[in-house]
Amino acid sequence: MSFILCFTAKAQLGFEYAQYDIGFGGAASRVVASDAEKILMSPTGHFNFNYNVSPYINYVIEVQAGVLKGGGTSTPSKRYFENKFTSVMFRAQLQAGELFDYSGSALLNGLKNFYVSGGIGFVVNKLDIDTTLRVPDDKGFYSPGRNHSNQLLIPARIGYEFKIFNRYNQPSVKIDLGYQLNYILGDDLDGFETGRSKNDAYDQFSIGVKFAIGGITSYKKQISYY
């Protein structure tokens, strides 16, 4: 009986959370390390599944699909590309609330939702031959490359997660704002294997929403703020 009363008291104080979330959102993406000179912004969509070890330690599996493009005929190399890519990533995410006591402080309660995240993944590149401009340079050399490739990537992310609580003081909806840099272990993201960069990279400014879907458990600290 005492265990049941203790567990109920914790639930009323905001100690419970869901271990599983699903989420989706969008991002503005751009290739920041490329063999084409001009950077262009383009849209990306994503879907993710989250396993929450605690409210502030999360493992994220995410699928992204979108377009990456850059360059143009007005640039010195005249290289242009358009990549209809798909990527899959696994990230571990640590939020600040796991590291310090935020009870009784409005400032620390605001800071507890900042996070850093990193992991590994792969990207499938699909460049249409008609939209990949492989023109000769000023010395008459052709720009080599591949229109289809699979490459490993390393995602690094920082962000902030706004938690929205239900009537039981459980975080049931989360709004995620983030910046992510994806470092490619290769040189085929833009379809060119020549030029200034040996490894490509693209970054993203993203917004997403996550919904708790179950696996209710308790946490050692109060999650919500009064």
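Source: prediction; values computed, not measured.
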Next item on the list: Spell out, yes or no, whether Y160 and Y17 are grouped together once hydrophobic residues are joined by side-chain heavy atoms under 4.5 Å, including indirect joins.
Entry: yes
Next item on the list: Apply the test side chain to side chain contact (heavy atoms under 4.5 Å, CB included) to residues I22 and N48: give CA-CA distance (whole Å), side-chain angles for both, the deciding distance (0.1 Å), then the verdict.
Entry: CA-CA 6 Å; I22 57 170; N48 54 61; 5.9 Å; no
Next item on the list: Search all heavy atoms of L108 against all heavy atoms of F100 and return the closest pair with its distance.
Entry: O-CE1, 3.7 Å
Notebook entry, point to check: If you look at every heavy atom in P171 and E16, which pair is closest and at what distance?
Noted result: CD-O, 3.6 Å
Note to self: When you group the ILVMFWY residues by side-chain heavy-atom contacts below 4.5 Å and let the links chain together, are V124 and V31 in the same group?
What the structure shows: no
Checklist line | Whether Y219 side chain and Y56 backbone form a donor-acceptor pair below 3.5 Å | finding: no
Notebook entry, point to check: Could you give the distance from CZ (R91) to CD (E62), rounded to the nearest 0.5 Å?
Noted result: 5.5 Å
Note to self: I'd like to know if the side chain of S29 pairs up with that of Q204 as donor and acceptor (distance under 3.5 Å, no hydrogens or angles considered).
What the structure shows: yes
Checklist line | Side-chain (N83) to main-chain (K126) donor-acceptor, under 3.5 angstrom | finding: yes
Margin query: Can you tell me how the ring of Y20 sits relative to the ring of Y51, calling it parallel under 30°, perpendicular over 60° and tilted otherwise?
Written below: tilted
Next item on the list: Applying side-chain contact (heavy atoms from CB on, under 4.5 Å), name anything that partners K84, two or more places apart in sequence or on another chain.
Entry: V67, E82
Note to self: Using every non-hydrogen atom in the two residues, find where Q19 and T217 come nearest and quote the distance to one decimal.
What the structure shows: CG-CG2, 3.5 Å
Check: Is V60 reachable from L152 through a run of I, L, V, M, F, W or Y residues, each pair having side-chain heavy atoms under 4.5 Å apart?
Finding: no
Checklist line | Steps toward side chain to side chain contact (heavy atoms under 4.5 Å, CB included) verdict (F165, I223) | finding: CA-CA 9 Å; F165 294 84; I223 307 167; 3.8 Å; yes
Notebook entry, point to check: Listed by chain and number, what are the side-chain contact (heavy atoms from CB on, under 4.5 Å) partners of V209, not counting sequence neighbours?
Noted result: F24, V173, I175, F211
Note to self: Any side-chain to backbone donor/acceptor pair from Q170 onto S172? Under 3.5 Å, distance only.
What the structure shows: no
Next item on the list: Kindly indicate, with the supporting measurements, whether the criterion side chain to side chain contact (heavy atoms under 4.5 Å, CB included) is fulfilled by F85 and Q64.
Entry: CA-CA 8 Å; F85 78 100; Q64 297 186 355; 4.1 Å; yes
Note to self: List the residues meeting side-chain contact (heavy atoms from CB on, under 4.5 Å) with I57, not counting sequence neighbours, and say none if there are none.
What the structure shows: V53, S54, L94, E98
Check: For the hydrophobic clusters of this structure (ILVMFWY residues joined by side-chain heavy atoms under 4.5 Å, transitively), does one cluster hold both L68 and L185?
Finding: no
Next item on the list: Begin with the C-alpha distance, continue with both residues' side-chain angles, and end with the deciding distance and a verdict on side chain to side chain contact (heavy atoms under 4.5 Å, CB included) for H148 and L127.
Entry: CA-CA 6 Å; H148 301 279; L127 295 99; over 6 Å; no
Margin query: I need the minimum non-hydrogen distance between R157 and G178, along with the two atoms involved.
Written below: NH2-CA, 3.6 Å
Margin query: I'd like to know if the side chain of N52 pairs up with that of D21 as donor and acceptor (distance under 3.5 Å, no hydrogens or angles considered).
Written below: yes
Note to self: Would you say that more than 12 heavy atoms from the other residues, nucleotides or ligands in this model lie under 6.0 Å from the OH of Y59, or not?
What the structure shows: no
Next item on the list: Mind checking the CZ-OG spacing from F15 to S218? Nearest 0.5 Å is all I need.
Entry: 9.0 Å
Checklist line | L189 backbone acceptor or donor facing D200 side chain under 3.5 Å | finding: yes
Check: So, for K69 and S42, which heavy atoms are closest and what is the spacing to 0.1 Å?
Finding: N-OG, 4.0 Å
Notebook entry, point to check: With a 3.5 Å cut-off and no angle check, do the side chains of D203 and Y179 form a donor-acceptor pair?
Noted result: yes
Note to self: Please tell me whether F205 and L181 are part of a single hydrophobic cluster in this structure, the criterion being side-chain heavy atoms less than 4.5 Å apart.
What the structure shows: yes
Checklist line | D176/K163 salt bridge by N-O under 4.0 Å criterion | finding: no
Notebook entry, point to check: In a check of side chain to side chain contact (heavy atoms under 4.5 Å, CB included) between L153 and each of N182, N199, I120, which one passes?
Noted result: N182
Checklist line | Distance (rounded to the nearest 0.5 Å) between N109 CG and Y102 OH | finding: 7.0 Å
Notebook entry, point to check: Between N50 and N58, do the side chains contain an N or O donor and an N or O acceptor separated by less than 3.5 Å?
Noted result: no
Checklist line | Min side-chain heavy-atom separation I216-Y168 under 4.5 Å | finding: no
Checklist line | Where M89 and Y202 come nearest, the two heavy atoms and their spacing | finding: CE-OH, 3.5 Å
Notebook entry, point to check: Got a salt bridge between D101 and K221, using NZ or NE/NH1/NH2 to carboxylate O under 4.0 Å?
Noted result: no
Check: Counting distance only, does the side-chain N/O of S117 pair as donor-acceptor with the main-chain N or O of A92 below 3.5 Å?
Finding: yes
Margin query: For the OG atom of S87 and the CG atom of N150, what is their distance to the nearest 0.5 Å?
Written below: 11.5 Å
